[in-house]
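See structure below.
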Amino acid sequence: MPELPEVESFKRYFDKTSLHQKIKKVRLSAPDMLFYTQEKDVLDNLEGNIFVETRRHGKFFFALLKKNGALLLHFGMTGKFLYYTPDKKSHRSFALLVEFENGNCLAFQDSRRLGMIGWVRDVDEFIQRQGYGADALKISEKDFVAVVHKRKTAIKTVLMNQRVVAGVGNEFSDEILFQARIHPESTANVLTAAQLKTIYGHMKTILKEAVKQNADRDKLRQYFFLENRRADLKCPEGCRGFTEFKTIGGRSAYFCPSCQKRYA
DNA sequence: CTGCGTGTTGCACA
DNA sequence: GTGTGCAACACGCA
């Protein structure tokens, strides 16, 4: 599920549990998840070191080390943290395990292994080198309109393109466009500046609210397309339309063809 | 038992 | 460089 709000919630969990403790031992059980990184770069740079602060850019999480660079994690579709005190009876699965000197462990778990693990010398340099766009919660309205307006593909695809804006995933893109009443297949560059500002406003509002609620889905029920990802449902806007499913840009899209207008 | 997906990369090709 | 579409990763779920 992880989109920007979930990653922010994972960041809080990490901040609460894993800062300022000396790292004793690191185990990597999923070397296939390494992202532009050698296994020894992760192990050697973490062991004996201390996490001092964390950062998030879009869906990427970084834990900055006291001495050298930062641990990079991406949660893919099923990634999560589990901080625990080990006992001899049960052992937990992990892709990456950080054992602290105080005896507790932080497991980065990812059953589907679609996440990423890495080490970067410099976070900003990494983001720039990879070409990721500004974070969805930090980008200015002006910059948002400018970068989105250049694109000649479906607005949904543009919102989800991490190299345009970082942090919006499939589910939130559907919800944002539903609230903006714009059809997800509308071509980005034919939308007016006013329409893009509307999209920007909804993007900010929804993401902020989801972050405030700690990405707790039970508290985000009011968002129709986060909650209902099915076709043929009655549109809650009372437009008498029914939800539709379509693959857009290779991703599953849900929308109301009746109240979301399509432009070009 | 089959098919699908909340994410991303990397490739071939227009 | 921009955009499209696919396969790949592995697993839970309907």
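Treat the numbers as computed from the prediction; the structure is a model and nothing was measured. We name chains A, B, ... by the order of the sequence lines, and we start the count at 1 in each one.
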Distance check: side-chain N/O of Arg113(A) vs OP1/OP2 of dC11(C), anything under 4.0 Å?
-> no
Just wondering, do Thr54(A) and Leu19(A) contact through their side chains at under 4.5 Å, heavy atoms?
-> yes
dG5(B), dT9(B), dT2(C): which one has an atom nearest the side-chain heavy atoms of Phe245(A)?
-> dG5(B)
Contact class for Gly169(A) (heavy atom, under 4.0 Å): base, sugar-phosphate, or nothing?
-> sugar-phosphate
Say you pick atom P in dC4(B) and the same atom in dC6(C); how far apart are they, in whole Å?
-> 13 Å
Below 4.0 angstrom from OP1 or OP2 of dG5(B), is there any side-chain N or O of Arg251(A)?
-> no
Is the shortest side-chain N/O distance from Thr153(A) to OP1 or OP2 of dT4(C) below 4.0 Å?
-> yes
Provide the Watson-Crick or G-U wobble partner of dC9(C), both distances under 3.5 Å; none if there is no partner.
-> dG7(B)
Nucleotide dT8(B), atom C1' - distance to CD of Glu3(A) in whole Å = 13 Å
Under 4.0 angstrom between Arg163(A) side-chain N/O and dT9(B) OP1 or OP2 | yes
So, Lys156(A) and Asp174(A), do they make that salt bridge, N to O below 4.0 Å?
-> yes
Inspect the surroundings of NZ in Lys138(A) and state if more than 12 heavy atoms from other residues, nucleotides or ligands are less than 6.0 Å away.
-> yes
Among dG7(B), dT6(B), dG10(B), which is the nearest nucleotide to the side chain of Arg229(A)?
-> dT6(B)
Nucleotide dT8(B), atom C1' - distance to CG of Leu72(A) in whole Å | 13 Å
Within the structure, does a side-chain N or O atom of Tyr132(A) lie under 4.0 Å from either OP1 or OP2 of dG7(B)?
-> no
Check every strand shown and say whether Tyr36(A) touches a base, only sugar-phosphate, or nothing at a heavy-atom separation below 4.0 Å.
-> sugar-phosphate
To the nearest angstrom, the CZ-C1' distance between Phe60(A) and dG7(B) comes to 10 Å
Side chains of Phe35(A) and Phe60(A) in contact at under 4.5 Å (non-hydrogen atoms) = yes
Against the side chain of His74(A), the closest entry in dG3(C), dT6(B), dT8(B) is dT8(B)
Listed nucleotide nearest any side-chain atom of Ser111(A), set dC11(C), dG7(B), dT6(B) = dC11(C)
Indicate, with a heavy-atom threshold strictly under 4.0 Å, whether Phe172(A) touches base, sugar-phosphate, or nothing.
-> nothing
Expressed in angstrom and rounded to an integer, what is the separation of Lys80(A) atom NZ from dG7(B) atom C1'?
-> 17 Å
Answer yes or no: does a side-chain N or O of Gln162(A) lie under 4.0 Å from OP1 or OP2 of dG7(B)?
-> no
What's the CD1-P distance between Ile248(A) and dG3(C), to the nearest Å?
-> 16 Å
When rounded to whole Å, the NZ to P distance for the pair Lys59(A) and dT6(B) reads 11 Å
Can you name the one residue among Tyr223(A), Phe225(A), Tyr254(A) that meets ring-ring contact (aromatic ring centres under 6.0 Å, His included) with Phe178(A)?
-> Phe225(A)
Using atom NZ of Lys152(A) as one end and atom P of dG3(C) as the other, report the distance to the nearest whole Å.
-> 7 Å
Closest listed nucleotide, where the reference is the side chain of Gln130(A) and the choices are dT9(B), dG7(B), dG5(B) | dT9(B)
What is the nucleic acid contact for Met116(A), judged by heavy atoms within less than 4.0 Å: base, sugar-phosphate only, or nothing?
-> sugar-phosphate
Expressed in angstrom and rounded to an integer, what is the separation of Leu114(A) atom CG from dC9(C) atom C1'?
-> 6 Å
Pro5(A) side chain near Phe172(A) side chain, heavy-atom distance below 4.5 Å = yes
